[in-house]
Amino acid sequence: MAITEQSLNWDYDGPIMEVTGLEKHFPQSTGIIHQLIGGETSHVKAVDGVDMAIESGETMGLVGESGCGKSTLGEVLIGLQEPTGGSIKFLGTELDSMSDSQRKEFRRNVQMIFQDPYESLNPRFSVEQWIREPLEVHDMDNQDERIYEALERAELTPPENYIGEHPHELSGGERQRVSIARALVLEPKFIVADEPVSMLDVSVRASILNLLRDLVDDLDMGALYISHDLSLIRQMCDRTSVMYLGKVVERGPTEQLIKGPKHPYARALLDAVPVPNPDHNISEPQLEGEPPDPVELPEGCNFRPRCPFAAEECFEEPGLDAFQTADGEHAAACWRVETVDNM
């Protein structure tokens, strides 16, 4: 009698995506002499011990400067890159322990919307070919019906006007909607949106953001929304994690974090958000110097060399439990929260 492989637990009532101590380190190439004398290989710790849990119907924001590791984290979550260490659970099942059939289910149910709609679409494919491809890979039925439904969900209507178009015949906003339709056509349970509007005209950004927010609600998906722009994060996300040099340094309900940031880096990001008011007094940036070498990280808190509030205690690395609200929802990896609050 043939053994039927177990499916993923679709009745699981915990987080749809959960990571613990997640790491992604990239080895750095060294010179031949260094290798001959047995020198150790150095690493860039793009993702360095991240904990995160995302529920169905929730959008988690991930914000930070370019190079902080946020895009790498998104790619590791959906399996585009292998983690160096830590745990990834989807519907409560450890990714490393999934059977072949479970891993195929996982791949169908996690999708990514990339930053650049001009690079993410195959220029030789029509819209129909581009959206049909994942359906064929996963041997899905009713393909024509699914394609038309995905286009309608992405607000490319009527679908017959777009089905035969090629990327060069579409605007940037239409291209990104095609990318969204391709991600939706498999009816995923989790999506990563990596700066999906940063390459688009301001005039179409709001409509794409509203579309993504409505889709997460309507389809009860979990989502990770990656951006460097806190004003967009505020519009999109239920909770937000702030990332600096591979680590999450603050996490909390988005509105609570924006109104009362506890980590000096989160506060500096907020100070940098433009205010559409010519009479608004622009505060001086609170950051000093440049980010440290990602290979030779400083002792203790990574942010210490740039922090205006740094003290002797900051030579000991803080965890996210260094500051927590009573309900545990808002946390920050900072020993100096009281000083930051009083400034």
Side-chain angles (χ1 to χ4, degrees), residues 1-24 47 49-62 71-114 131-143 145-147 149-150 153-154 179-194 196 212-226 237-239 241 248:
M1 180 178 178
I3 298 175
T4 303
E5 291 196 51
Q6 186 176 4
S7 176
L8 292 172
N9 181 12
W10 296 103
D11 295 325
Y12 182 69
D13 61 359
I16 190 166
M17 183 70 75
E18 185 174 14
V19 300
T20 306
L22 189 63
E23 297 178 344
K24 180 59 181 179
V47 180
V50 169
D51 297 340
M52 184 178 290
I54 302 173
E55 306 283 345
S56 293
E58 177 187 35
T59 300
M60 170 72 79
L62 185 63
S71 292
T72 301
L73 174 58
E75 292 175 2
V76 172
L77 282 187
I78 66 168
L80 290 181
Q81 295 198 44
E82 289 290 330
T84 305
S87 164
I88 302 175
K89 291 182 179 179
F90 180 73
L91 291 172
T93 301
E94 186 79 40
L95 189 57
D96 282 346
S97 65
M98 287 183 183
S99 65
D100 290 343
S101 63
Q102 287 175 327
R103 190 170 283 270
K104 186 173 182 180
E105 281 186 276
F106 170 78
R107 285 196 296 266
R108 182 173 73 80
N109 280 282
V110 295
Q111 297 294 317
M112 192 162 191
I113 301 167
F114 293 94
I131 299 176
R132 188 182 297 276
E133 185 182 43
L135 294 171
E136 292 178 339
V137 168
H138 290 275
D139 196 25
M140 304 284 283
D141 57 8
N142 302 323
Q143 293 187 7
E145 180 181 339
R146 292 176 185 272
I147 291 169
E149 184 177 353
R153 282 177 172 168
S179 296
I180 293 170
R182 177 181 164 99
L184 293 178
V185 76
L186 293 175
E187 300 179 2
K189 295 300 181 183
F190 182 79
I191 60 169
V192 174
D194 187 2
L212 289 172
R213 186 178 55 197
D214 291 344
L215 287 170
V216 171
D217 291 339
D218 295 344
L219 302 178
D220 198 32
M221 297 185 292
L224 180 69
Y225 183 85
I226 298 171
C237 303
D238 304 294
R239 292 187 297 141
S241 295
V248 171

Could you tell me whether a side-chain N or O of Lys24 sits under 3.5 Å from a main-chain N or O of Glu82, the two making a donor and an acceptor?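 It does hold such a pair.
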Heavy-atom donor-acceptor pair, Gln111 side chain to Val192 backbone, under 3.5 Å: no
For Asp141, which residues count as a salt bridge (charged side-chain N to carboxylate O under 4.0 Å, His left out) partner, sequence neighbours excluded?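 Testing Asp141 for salt bridge (charged side-chain N to carboxylate O under 4.0 Å, His left out), a comparison that skips the adjacent residues, returns Arg146.
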Who are the salt bridge (charged side-chain N to carboxylate O under 4.0 Å, His left out) partners of Glu58, not counting sequence neighbours?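 For Glu58 the salt bridge (charged side-chain N to carboxylate O under 4.0 Å, His left out) partners, ignoring immediate neighbours, are Arg239.
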Could you pull out all residues at least two apart from [X] that satisfy side-chain contact (heavy atoms from CB on, under 4.5 Å)?
| X | result |
| --- | --- |
| Asp51 | Thr20 |
| Ala181 | Ile131, Ala150, Leu151, Ala154 |
| Thr93 | Leu8, Ser97, Met98, Gln102 |
| Glu136 | Arg132, Gln143 |

For Glu105, what residues pass the side chain to side chain donor-acceptor pair (under 3.5 Å) criterion, not counting sequence neighbours? Ser7, Trp10
Restricting to side chain to side chain donor-acceptor pair (under 3.5 Å), what partner residues turn up for Asp238, sequence neighbours left out?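 If we apply the side chain to side chain donor-acceptor pair (under 3.5 Å) test to Asp238, skipping adjacent residues, there are no hits.
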Distance-minimising heavy-atom pair for [X] and [Y]:
| X | Y | result |
| --- | --- | --- |
| Val76 | Pro83 | CG1-CB, 3.8 Å |
| Cys237 | Tyr225 | SG-CB, 3.8 Å |
| Leu22 | Ser87 | CD1-O, 4.5 Å |
| Met112 | Ala183 | O-CB, 4.5 Å |

State, yes or no, whether a side-chain contact exists between [X] and [Y] at a heavy-atom distance under 4.5 Å.
| X | Y | value |
| --- | --- | --- |
| Val110 | Leu77 | no |
| Leu215 | Ile180 | yes |
| Leu212 | Ile113 | yes |

Give, for atom [atom1] of [X] and atom [atom2] of [Y], the distance between the pair rounded to the nearest 0.5 Å.
| X | Y | atom1 | atom2 | result |
| --- | --- | --- | --- | --- |
| Ser241 | Leu224 | OG | CG | 8.0 Å |
| Leu62 | Ile54 | CG | CD1 | 8.5 Å |
| Leu80 | Thr72 | CG | OG1 | 11.0 Å |
| Asp217 | Thr59 | CG | OG1 | 7.0 Å |
| Ile88 | Asp96 | CD1 | CG | 7.5 Å |
| Gln81 | Ser71 | CD | OG | 10.0 Å |

Inter- and intrachain pairs under ring-ring contact (aromatic ring centres under 6.0 Å, His included), touching residues 72-109, at least two apart: Phe90-Phe106
When you look at Leu186 and Arg107, which way does the side-chain contact (heavy atoms from CB on, under 4.5 Å) test go after all the steps? CA-CA 10 Å; Leu186 293 175; Arg107 285 196 296 266; over 6 Å; no
Have a look at Met60 and tell me which of Met17, Met52, Glu55 forms a side-chain contact (heavy atoms from CB on, under 4.5 Å) with it. Met52
Going by the side chain to side chain donor-acceptor pair (under 3.5 Å) test, which pairs reach into residues 180-189, not counting sequence neighbours? Glu133-Arg182
For atom CG of Asn142, is the number of surrounding heavy atoms from other residues, nucleotides or ligands below 6.0 Å larger than 12?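 Enclosed.
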Show your working on side-chain contact (heavy atoms from CB on, under 4.5 Å) between Leu219 and Arg153 and close with a plain yes or no. CA-CA 10 Å; Leu219 302 178; Arg153 282 177 172 168; 3.7 Å; yes
